[in-house]
Protein chains: 2
Amino acid sequence: MQESYLHELLKVDDQEIRLTEKQAHILAAAIEIFAEKGYAATATSEIAKRAGVAEGTIFRHYPAKKDLLLAIVKPGVLKFAVPVFASNMVEHIFNREFDGFEDLLSVFIYNRLDFARQNVAILRIVLQEFAFHPEIKKTVEESFLEQVYPKIKETITGFQKAGRLKQMPLKTMVRCIVSPILGFIITRFILNPDAEWDEEQEVDNIISFIMKGIEAEA
Amino acid sequence: MQESYLHELLKVDDQEIRLTEKQAHILAAAIEIFAEKGYAATATSEIAKRAGVAEGTIFRHYPAKKDLLLAIVKPGVLKFAVPVFASNMVEHIFNREFDGFEDLLSVFIYNRLDFARQNVAILRIVLQEFAFHPEIKKTVEESFLEQVYPKIKETITGFQKAGRLKQMPLKTMVRCIVSPILGFIITRFILNPDAEWDEEQEVDNIISFIMKGIEAEA
DNA sequence: CCTTCTGGTGAGTGATTACTCACTTACATA
DNA sequence: TATGTAAGTGAGTAATCACTCACCAGAAGG
């Protein structure tokens, strides 16, 4: 992971974060090893070794091992959630700049696909650890409920009122839309990353699959 | 978890497994704690304590901590995979005892839903640990590739040839079918188990969602 | 009655763990 | 040049870890 990118990722609320060179090495090493063997199985001594710093340096910046985990995961979750529907994206739809839900879906999928591509390690860590750390679970749930869900809700009910989408409980519909996308992202980057993937074809198929499943009957 | 059920679960290839009372307690305790806090974060001393046995007793039956994990996970994975399409199920379809793919899907979903309901803890453990333990990953992949995938393939291509299902790469179609089902099972039992769920309505919606997405165009 | 076997025990062990702290170094500002 | 401050160090520590081992109990068989 490049340090400039790491730096960018950890920026929250546009607040600049000062990172020492060593501090960046610590974060990069921690991301790598947490993703490889899991948080609980990772020794701080190993992080220090791979980062090329003394073990004490880690605890100078992060009072406990768990703070290091949170320093990685929280900004990652926020960055994943916030731009899901960039504010101008939703406007575009209602300004008819998009043909319809299908185009929106396409933009959304490619967007999250690229994010996942650049953050496989963090994605792994979040998926693995959020079950065991209430703070992570809370961050995920909050950013979803506050950032993602309302915009999805607005969008979907809009299309439903316009008669373009089927009537179906909102949560069920969201799950039906998100599941195949997440399923693809996870198989693409985590379960079977080494296979040859024709992403464009896959995305096309997923989109048409989802659309058929949720569009209003003719 | 009842011991009789535990006993049943651990039976592989119909070979009876003799379980001491203490041994059963060890397994039950290990399942509980592994699911709660993860394998790596679980101390053998804690398992012994909750099981009400001496720590040495664990290592009398399982040479290493990891063997205890595998003794839980492997039979769980096998029991989950093998009956996915019970041999008579596929026959039924081609004997026209099912109306079509839709009925098959319904049986499949309710079947796996009940399995998940009875095995939430093991499900959690498998989801959490299979990323870090090659033996688990291998077991999952093998039982999927050998038991599940061929039967799915046979079934789907059958329906495709009969002109009932859309032409779509097999793997993509399988992922599209499985993702919403897994997505529901995971939200139902792991992410949000305490919510009130109208399972029948959910399943109906999921089935119609999937069917619209994969059936051949009229 | 003696032997053998299996199941069970719990104190003990060396290795590893997260974390501490007295100390050094680098650098900015007075 | 003196001084304060933040970054960095690494030996040290108490706690905990997975695992061992000498020993005990009871049942089975001769």
Side-chain angles (χ1 to χ4, degrees), chain A residues 3 6-7 10 15-34 36-73 125 128-129 132-136, chain B residues 3 6-7 10 15-34 36-73 125 128-129 132-136:
Chain A
E3 275 178 33
L6 189 75
H7 195 264
L10 299 177
Q15 285 184 337
E16 272 293 332
I17 291 185
R18 276 171 224 283
L19 279 187
T20 328
E21 203 176 331
K22 304 234 167 192
Q23 209 174 336
H25 285 153
I26 291 172
L27 286 170
I31 291 175
E32 272 183 38
I33 311 183
F34 284 162
E36 276 170 31
K37 36 204 289 190
Y39 169 78
T42 299
T44 49
S45 60
E46 199 186 343
I47 299 175
K49 197 196 265 179
R50 193 176 301 190
V53 303
E55 208 175 340
T57 311
I58 294 178
F59 292 95
R60 163 116 354 231
H61 296 288
Y62 307 95
K65 189 187 165 190
K66 192 157 198 166
D67 296 304
L68 177 55
L69 175 68
L70 296 181
I72 291 168
V73 163
I125 298 174
Q128 293 299 333
E129 304 301 336
F132 303 130
H133 309 272
E135 309 91 335
I136 298 183
Chain B
E3 276 180 34
L6 189 73
H7 196 265
L10 298 177
Q15 284 184 337
E16 272 294 332
I17 290 186
R18 277 170 223 282
L19 279 188
T20 326
E21 203 175 329
K22 304 234 167 190
Q23 209 173 335
H25 286 152
I26 292 172
L27 286 170
I31 291 176
E32 271 183 39
I33 310 182
F34 284 162
E36 275 171 31
K37 38 204 286 191
Y39 170 78
T42 299
T44 49
S45 61
E46 199 185 344
I47 298 174
K49 197 195 262 177
R50 192 174 304 188
V53 302
E55 208 175 339
T57 312
I58 294 178
F59 291 95
R60 166 128 339 246
H61 296 288
Y62 307 95
K65 190 187 166 191
K66 192 156 198 168
D67 295 303
L68 177 55
L69 174 69
L70 296 181
I72 291 168
V73 162
I125 299 174
Q128 292 299 333
E129 304 301 335
F132 303 130
H133 308 272
E135 310 89 335
I136 298 183

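Chain naming here is simple, since letters A, B, ... match the order of the sequence lines and numbering starts at 1 in each.
- By the 4.5 Å heavy-atom criterion applied to side chains, A/Lys49 and A/Glu55 are not counted as neighbours.
- Here the side chains of A/Phe132 and B/Gln128 are in contact, with some heavy-atom distance below 4.5 Å.
- Relative to the six-membered ring of A/Tyr39, A/Lys65 meets both conditions, a distance below 6.0 Å and an angle of at most 45° to the axis.
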What do the steps show when you test B/Thr20 against B/Ile26 for side chain to side chain contact (heavy atoms under 4.5 Å, CB included), and what is the final call? CA-CA 10 Å; B/Thr20 326; B/Ile26 292 172; over 6 Å; no

Within the 4.0 Å limit for protein heavy atoms, which parts of nucleotides 6-19 of chain C are touched? Write it as a string from 5' to 3', B for base, S for sugar-phosphate only, - for none. -BBBB------SBB

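- Atom NZ of A/Lys49 and atom C1' of D/dT9 are 17 Å apart (whole Å).
- The separation between B/Ile47 atom CD1 and D/dC19 atom P is 11 Å, rounded to whole Å.
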For salt bridge (Lys or Arg N to Asp or Glu O under 4.0 Å), just list the numbers for B/Lys66 and B/Glu129, CA-CA rounded to whole Å, side-chain angles, deciding distance to a tenth of an Å, and then say yes or no. CA-CA 11 Å; B/Lys66 192 156 198 168; B/Glu129 304 301 335; over 6 Å; no

